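This one's a predicted model, so the numbers in the text were calculated from it and none came from an experiment.
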Amino acid sequence: MRTFLIDLENVKNQGMIGVEQLSKDDRVFIFYSESANSLSIPTIQAMNNSKAEIEYVKLQRSGRNAMDFQIVALLGFLIGSEKNGHFCIVSQDNGYVAPVEFFMDHPADQLNVNVLLSSSIIKAVRKWNSTGAGVFSEEEEPKAIQTEPAGEVVVVVEENAPDKTA
């Protein structure tokens, strides 16, 4: 099972790129707050087309790094209770490097986990694919998702693949 913990305050719509390609065995936790609680219609459509289990986690207490602490707390809980799987914090906040390295450097003998930090779902999956842990095939390339500011569109194209944006 692959689990994605999305820091919506940090990555917004861009972090969700690739969500529509996830399988029924994947899950996504979207952490949001009063100040970060919106997604674009194309992102919502991509989420609706996803087979993954998607849950929304509202920030319980505001304050500096409050969302970061909640994300790391859930990550630790999931790793401790499941003891195996692939886990990704989707954020561009380098503050997550320390807990990610902790989980990768100090797993108990009974844990079989892979933990990483990525700026989007698709980049995490590509990283896992390079180590044999992904499910995307070459022909399942993600569709474009409209991102902020309005009108800017991000198209993710596989490296060494023909340009399909023309």
Would you call Asp26 and Met1 a side-chain contact if the rule is heavy atoms closer than 4.5 Å?
no

Does the side chain of Tyr32 come within less than 4.5 Å of Val57's, by heavy atoms?
no

Salt bridge (Lys or Arg N to Asp or Glu O under 4.0 Å): which pairs involve residues 53-62, sequence neighbours left out?
Glu34-Lys58

Do the non-hydrogen side-chain atoms of Arg27 and Leu22 ever get within less than 4.5 Å of each other?
no

Close side-chain approach of Leu8 to Leu39, heavy-atom, < 4.5 Å
yes

How about Tyr96 and Ile89: do any of their side-chain heavy atoms sit closer than 4.5 Å?
yes

Taking all heavy atoms of Ser120 and all of Ser118, pick out the closest pair and write down the distance.
O-OG, 2.9 Å

Min side-chain heavy-atom separation Gln70-Gln60 under 4.5 Å:
yes

Do Val28 and Val90 have side chains that get closer than 4.5 Å, going by heavy atoms?
no

Minimum heavy-atom distance Asp93-Leu117, with the two atoms named
O-CD2, 3.8 Å

Just so I know, are the side chains of Ile6 and Phe29 near enough to count as touching, which here means a heavy-atom distance under 4.5 Å?
no

To the nearest 0.5 Å, tell me how far Asp25 CG sits from His86 NE2.
13.0 Å

How far apart are the C-alpha atoms of Met47 and Glu20, what are their side-chain angles, what is the distance that settles it, and do they pass the side-chain contact (heavy atoms from CB on, under 4.5 Å) test?
CA-CA 6 Å; Met47 291 167 54; Glu20 72 280 5; over 6 Å; no

Just to verify, what does Val115 make a side-chain contact (heavy atoms from CB on, under 4.5 Å) with, not counting sequence neighbours?
Leu75, Ile79, Phe87, Val100, Phe103, Met104, Val113

Heavy-atom nearest pair, Phe69 first then Arg64, reads CE1-O, 4.1 Å

What distance do Ile44 atom CD1 and Asn49 atom CG have between them, rounded to the nearest 0.5 Å?
12.0 Å

Using every non-hydrogen atom in the two residues, find where Lys127 and Leu116 come nearest and quote the distance to one decimal.
CG-CD2, 3.8 Å

Non-hydrogen atoms of Thr43 and Asn13 that approach each other most closely
OG1-OD1, 2.8 Å

Interatomic distance, CD@Glu9 vs CG@Asn65, rounded to 0.5 Å, equals 9.5 Å

Got a second to check how far Ile30's CD1 is from Asn37's CG, nearest 0.5 Å?
12.0 Å

Should Ser119 and Gln14 be marked as a side chain to side chain donor-acceptor pair (under 3.5 Å) after you check the CA-CA gap, both sets of side-chain angles, and the distance that decides it?
CA-CA 8 Å; Ser119 61; Gln14 294 90 335; over 6 Å; no

Find the distance between CG (Asn114) and CZ (Arg2) and round it off to the nearest 0.5 Å.
11.5 Å

So, taking the atom named CG in Leu59 and the one named CE in Met67, what distance separates them when rounded to the nearest 0.5 Å?
5.0 Å

Check the pair Ile71, Phe31 against side-chain contact (heavy atoms from CB on, under 4.5 Å), reporting the backbone distance first and the verdict last.
CA-CA 7 Å; Ile71 290 171; Phe31 287 79; 3.5 Å; yes

